[in-house]
Amino acid sequence: MVVSSVTALTSSPPAHAAGATTLGAAAAGSGRYFGTAVSLSKLGDSTYSTILDREFNMITAENEMKWDTIEPSRGSFNFAPADSIVSHASAHGQRMRGHTLVWHSQLPSWVSSITDADTLRSVMNNHITTAMTHYKGKIYAWDVVNEAFADGSTQLRSSVFENVLGNGFVEEAFRTARNADPSATLCYNDYNIENWFDAKTQGVYSMVKDFKSRGVPIDCVGFQSHFGTSGPPASFQTTLSNFAALGVDVQITELDIAEASTTAYTDTVRACLNVARCTGITVWGIRDSDSWRTGENPLLFDNSGNKKPAYGAVLTALGGRSKSRGVANGSRIVQ
Ligand code: G3I
């Protein structure tokens, strides 16, 4: 196990972001992106889309690229909802993360009821290949496999993929994905892998280390980062840097923090900025009312679309400044 010391989270924001007044531009100052999950049903809401197109330069479809939408019945593909989001991104100069190809959840019952290994292997590979071919050249990074590890464990969770195909399904999915779109960044994505000392973190680390040593094509690990009120664990930066040292990019892929304290958001952004291969941050929604955790007020904009104090904290940490009041102030709402 590699444990490096935790760098103090006090580094200066990137000087090259100075002057940037939006999250995306500030992140771009250090060569990173700042993204959000987007729900197609909200794109017609002008408050929502105005913030989206002003602040964010990476988009993840919140649900529209999941298996139950993309392939609701075998061999019958429905790309229309996701295509609309990809078109929006293309029209506004935003890149896309693809989420997600192989996941035990939001999986149609025709897949979860398969018991024959040859059938499931063929179905899984066809799903990956068809989706990635459809979006070839339009997706920067794909979450090829999502949440395959069991909570509190170093082992894979029970799922139709694990139960019918065994552990090898993860490797097979990545090999298929590389063939389908060789230029896409291929990610393994999971939650509760931010604390270096958790068994689940160690399980994923061992898998990535093994994949890299055997030439299994993996380019990136996504840390969902659904945090409680205290924000990231103290070891978060250590976790990011230890994974990066294996030769993969690391990304914060679904960030939200209960009650959105400025300190917790600042710590999270700094952990990424302090790791060269942390290539970007995505928050899991725009306004609190858009969040799957809406009662916890975990995002950067309030229900009316106003910037919350956490917004200013993130902008400051990224090295940007607010338009009207000089350097973004994390302690009050900035417009
Ligand atoms: O689209 C149907 C609609 O037709 C129906 O009337 C309605 C009734 O409940 O449900 C709608 O589907 C919902 C869907 O979101 C779209 O709104 C599902 O019930 C609901 O379960 C689903 O929740 C999503 C959840 O993943 C499902 O697992 C959340 O929006 C989405 O934010 C969340 O995202 C996940 C990531 O993909 C993976 N990591 C964890 C993260 C949070 O759970």
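First listed ligand is number 1; within each ligand, the first listed atom is number 1. Only this structure's heavy atoms are used, side chains among them; waters, hydrogens and symmetry mates stay out.
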Which ligand 1 atoms are under 4.0 Å away from a heavy-atom of [X]?
X    : value
W103 : 28 (O), 37 (O), 38 (C)
N146 : 38 (C)
E147 : 38 (C), 39 (N), 40 (C)

Does the protein put any heavy atom within less than 4.0 Å of [atom]?
atom                    : value
atom 20 (C) of ligand 1 : no
atom 3 (C) of ligand 1  : no
atom 8 (C) of ligand 1  : no
atom 43 (O) of ligand 1 : yes
atom 15 (O) of ligand 1 : yes
atom 30 (O) of ligand 1 : yes
atom 11 (C) of ligand 1 : no

For [atom], what is the nearest protein heavy atom, given as residue, atom name and distance?
atom                    : result
atom 33 (C) of ligand 1 : K66 NZ, 3.7 Å
atom 25 (C) of ligand 1 : Q106 OE1, 3.8 Å
atom 34 (O) of ligand 1 : W284 NE1, 3.2 Å
atom 40 (C) of ligand 1 : E254 OE1, 3.3 Å
atom 32 (O) of ligand 1 : E62 OE2, 2.4 Å
atom 36 (C) of ligand 1 : H99 NE2, 3.4 Å
atom 17 (O) of ligand 1 : N63 ND2, 4.1 Å

Checklist line | Pairs touching residues 30-129 that satisfy disulfide bond (SG atoms under 2.5 Å apart), sequence neighbours left out | finding: none
Check: Which residue pairs satisfy the disulfide bond (SG atoms under 2.5 Å apart) criterion with at least one member in residues 170-238, sequence neighbours excluded?
Finding: C187-C220
Notebook entry, point to check: Among Q94, R95, Q251, whose side chain to side chain donor-acceptor pair (under 3.5 Å) with Y33 holds?
Noted result: Q251
Item checked: Donor-acceptor contact below 3.5 Å, side chain S235 vs main chain W196 -> yes
Check: So, S304 side chain and N306 main chain: donor-acceptor pair closer than 3.5 Å or not?
Finding: no
Item checked: Sub-6.0 Å ring centroid separation between Y135 and F79 -> yes
Check: Can we call the ring centroids of Y188 and F211 under 6.0 Å apart?
Finding: no
Next item on the list: Determine, for D181 against K138, whether the closest basic-nitrogen to carboxylate-oxygen distance falls under 4.0 angstrom.
Entry: no
Next item on the list: Could you say whether the N/O atoms of W292 and ligand 1 ever approach to under 3.5 Å?
Entry: no
Note to self: Would Q224 count as a polar contact of ligand 1, with the cut-off being nitrogen or oxygen pairs under 3.5 Å?
What the structure shows: yes
Notebook entry, point to check: Is there a donor in the side chain of R32 and an acceptor in the side chain of S30, or the other way round, less than 3.5 Å apart?
Noted result: yes
Notebook entry, point to check: More than 12 non-hydrogen atoms from neighbouring residues, nucleotides or ligands closer than 6.0 Å to CD on Q106, yes or no?
Noted result: yes
Notebook entry, point to check: Hey, mind stepping through R270 and D267 against salt bridge (Lys or Arg N to Asp or Glu O under 4.0 Å) and telling me if it holds?
Noted result: CA-CA 5 Å; R270 285 185 178 168; D267 289 351; 5.4 Å; no
Check: Can you say whether the rings of H99 and W103 are parallel (under 30°), tilted (30 to 60°) or perpendicular (over 60°)?
Finding: tilted
Margin query: Once you restrict to heavy atoms under 4.0 Å, what part of Y191 touches ligand 1? Side chain, backbone, both or neither.
Written below: neither
Check: Which part of T100 is near ligand 1, with near meaning a heavy atom under 4.0 Å away: side chain, backbone, both or neither?
Finding: neither
Next item on the list: Please name the residue in the list I193, N192, L255, N146 that meets the side chain to side chain contact (heavy atoms under 4.5 Å, CB included) test with Q224.
Entry: N146
Notebook entry, point to check: Does ligand 1 have an atom that lies less than 4.0 angstrom from a heavy atom of R293?
Noted result: no
